[in-house]
**Student:** 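Here's a structure for you.
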Amino acid sequence: MRISRRSLLKGAAAAGAAGAVTALAGKAEASEHESKHRPDAVGMLYDSTLCVGCRACVTKCKEANQLPVDQSAMQGTEKAVYDAPSDLNGQTKNIIKVFKDGERFAFMKQQCMHCVEPSCVSVCMMGALHKEGEGTRSFEGENKGTGIVVYDKYTCVGCRYCQIACSFNVPKFEWFDPLPRIVKCELCKHRADKNKTGPLAVANPACCEVCPREAVIYGKREELLAIAKKRIAADPKRYNAKVYGEKEGGGTQVLYLAPASVSFQELGLPELPEHSAASFSEHVSHTPYLHGVTPIALYATAAFLIHRNKKKEEEAEHHEEGK
Amino acid sequence: MSAHAHPKAIGGKLLDPTMKILLGLFGIAAVVMVYRFFTGIGPVSNMTDGYAWGIWEPINVVVFTGIGAGAYSVGLLCYLLNKGKYHPYVRPAVLVGAIAYSLGGSSIVIALGRYWNAYWLPAVPIWNLNSVLLEVAVCVISYVLVLWVEVLPAVLDGAASSKSPGWSRFGAKWGQRLSKAMPFVIALAVVLPTMHQSSLGGLMLIATTKVDPLWHTWALPLLALISCLSMGYGTVVVLTNILGMTWKAKYDQALFADMSKVNGGLLFLFSAIRLGDIVVQGKLHYLGRLDHHLFFFVLEMALFLVPAFMFFSPKVQQNRGRLFAAALMAIAAGALWRVDAYLTCYNAGEGWEYFPSMGETIVTIGMAAIGIAVFIFVSRLFPVVVVDDAHRHSNVGADQVRSAASR
C-alpha cells in the first residue's frame, strides 16, 4: 500500500468537501506508516504435518463464536445429524479439509489469513473491515498494531466487494438472512484476557487453545515465523521448504507449513506474487488523480470552455437577431 | 438558433399497450424485489460466496451506466468541443443517462445486504479513499443528481410553453436562471463520469487471481473509460433510429457519419490498447486455451473491430441501416467486455459455479422495462425529442425560453 498519497480529491470533486479531504490526507499518510511496521502483529502458525484432522478446532470455533451448526456436507443423507460444514460459509469461520492424491495426503486448515495488506480492507467502502484500531473511524476498545482484520457490522453495507477482492475466498455472506452480515475469523479477539500479558492480552483463538497436537499455535507473527523456519531447518526432509504467508501477497499473519511432498497450491492456497493485490490496485487507481489535481484541473478547464462556448454562441445569435 | 431544431413533447396516450407491457414487467420484478427484503438475497438469486455479485452488478450497474454514458459522450462533443450541431441529440441522451444511472443506483440498493447502513455514505471522515467502490458510489450518486438537473431545462421549457400563465412565467424565469448556472453543472457532468466510468473498470483491479489474465490488466480503468464513450455514441445513434421509427425524430445522416468516425477511432483505440497490452505483458499464450475464454475473447474482438472498420466506410456512413447495425455492435462490444471481466471470465476458484436465477433475471428485465417506460413517459409530456417536421411545432411563448433552456 505504498502509493498512498491517495487521490484524496476523488471524493472532493464529488462532494465538494475539499476541506474535509485535505484533513484526511494527513490521516491517510499517518496510517500508512503504521501499517508498514507492525512489530506487535499477532497470528497463527498451522503445521499440516502435525494435524491429525480431528476437527476439534472446527467445533470449538463454532462454540466460541456462537455459530449455528451446518450439515451441508451430509445434505441428502440420513446421517445429516452432525455439524459437518463442507466449506467456510456464513455459519463456519474455520474448517479442516484434506488433500489426497494416491499415497500423498495432508490436512489443511482454512480461516481468515489476516493479511499484512488485506484486499478486503483496501476495498471496504467505510472501513467495516479494518485492521484492528486502524479503521477510518475510531473504534472503542481496539488495540493498535495487532494487525487483526476485524469486522464492524455498523458500517458494513453488505456490498460484498470484500468477497470479490479476497484471493483466499474467506469473507462469507449470510445469503438466507434478511439482515445479513459478513462472517469471517477475527482471531477470537473477543476471547482476549486483559489480565494476561503478551499476545493473550490481545486475542485468544479457540482453535489454537483446543488443538491437541499443537498443529495450530497462536502468537506474535515474528516469533511464529522464526519457529516455522526453525522447524524446517531441523527437519528439511519432512517439510516443504517454504513458509507460506511470509511473503505471499505482501505477507499474511497466518502462516503455513506443508509436508515436503505436497505443494501449497495442492492445499488450496493460491500462488501469489510478493506484492499485495491491494498495493497494485491502489497504485493504479490513485496515480491518474495526481493527488487530486486532475479532477480539479479537469473541472476548471471544462467549466471555462463551456462558459466561453456558450457566450460565443449567444453573441452569434444576437447578431442574427439584430439583422 | 437556426442550427438548433426545437424539441417538442410527443404527446399521445400515456397508457398505451407498450406502456402496459413495460409496467407489467416491472410489476413482476417489484414483487421479487419486495420478497428479497423479507427473505434475504439467497432465495431470489443464485449468487454464492464465490459469485457474490451475480448479474446485478455487471449488468444493472456496469452495462446500464455504459448505455447511459451517451449523456457524457455527446455532452463532450457538444459543449466541450463546441459542436453545436449535436444539440438535438443531447436532451434524449441526457434523459437516457439520468434514467440508466438512477436504475443502476437503485439496483445497488436491492443488491446491498445491509442497505440500511448506507446512511453512513455522506460521512466523509470515515470514507476509505482506497476503495474503488466508494469512489463509484459517491460519484454515481452525485452524477445522478447532475443528470436530473440537466433534464430540468426540458421540464421548465415544457412549463414555459404551457397554457397556464403562472406555469409559463415560472418556467421562463427559472429556465433563464438555470441557464446561467448550467455551464458549471455541465462541467461536473464531464468530470464525474470520467472518474466513475474509469473506476467501474478499476473495481476489478483488486481481483488479481480471479479475473482471467486476458482481461485483468492495469489498463482496466482506461479501457472502461474508452468503452463507455463508444457505448454512449452507439446509444445515441440507436436511440435516434428507434425514436425516428416511432415518433419521426429528427435524424441527420451526415451528422451521424461524422460522429461515427469518432466512435470508430475509439473502438480502434480500445482494441489497440487491449491487444498491445496482451502482447507487452506476455499473455499471448493464454490465447492457446480452447475454452470459453478464447470464445469470448474472439467474439469481443470481432464486436470491437467490425464496427470500427464499418464506421470508417463511406458505404456504411451513408446508409442508415448499416450505421444502425454498427452502432448496435459498438454497444454490444462494450457490454460484452464488461460482463466478461466481471462475470463470464471471472473465476472464483474451483467448485464455484454460477448461472443467473429466474429472480435475478426478472429484476434485471424489470429494471430495463421501467427505464424505457420512464423515457416514454417523460418524452410524451416534455420537450425532449427533436421531431423532424418543424412547422407543426408550436412556437408560442417558447422564444425567450429556447435560448434559456437549450443548454
**Student:** Between the side chains of A:Lys310 and B:Ser179, does any donor sit under 3.5 Å from an acceptor?
**Tutor:** yes
**Student:** My understanding is that only residues two or more places apart in sequence, or in another chain, count here; which of them pass salt bridge (charged side-chain N to carboxylate O under 4.0 Å, His left out) with B:Asp340?
**Tutor:** none
**Student:** Check the side chains of A:His130 and B:Asn128 for a donor-acceptor pair under 3.5 angstrom, ignoring hydrogens and angles.
**Tutor:** no
**Student:** Counting only heavy atoms closer than 4.5 Å, note whether B:Ala137 contacts chain A via side chain, backbone, both or neither.
**Tutor:** side chain
**Student:** Could you tell me which portion of B:Lys83 (side chain, backbone, both or neither) has an atom closer than 4.5 angstrom to a non-hydrogen atom of chain A?
**Tutor:** neither
**Student:** Heavy-atom pairs under 4.5 Å with chain A - which of B:Ala52, B:Pro221, B:Ala189, B:Gly40 has more of them than the others?
**Tutor:** B:Ala52
**Student:** Can you tell me which portion of B:Ile141 sits under 4.5 Å from chain A's heavy atoms? Options are side chain, backbone, both or neither.
**Tutor:** neither
**Student:** Step by step, work out the side-chain hydrogen bond (donor to acceptor under 3.5 Å, both in side chains) result for B:Asn117 and A:Lys153.
**Tutor:** CA-CA 9 Å; B:Asn117 276 344; A:Lys153 66 176 181 182; over 6 Å; no
**Student:** Does some side-chain heavy atom of B:Phe184 sit less than 4.5 Å from a side-chain heavy atom of A:Ile306?
**Tutor:** no
**Student:** Below 4.5 Å from any heavy atom of chain A, which atoms of B:Thr48 appear? Answer side chain, backbone, both or neither.
**Tutor:** backbone
**Student:** Check the pair A:Thr136 / B:Trp127 against side chain to side chain contact (heavy atoms under 4.5 Å, CB included), numbers first and verdict last.
**Tutor:** CA-CA 7 Å; A:Thr136 48; B:Trp127 282 359; over 6 Å; no
**Student:** Can you list everything that forms a salt bridge (charged side-chain N to carboxylate O under 4.0 Å, His left out) with A:Glu266? Sequence neighbours excluded, please.
**Tutor:** A:Arg104
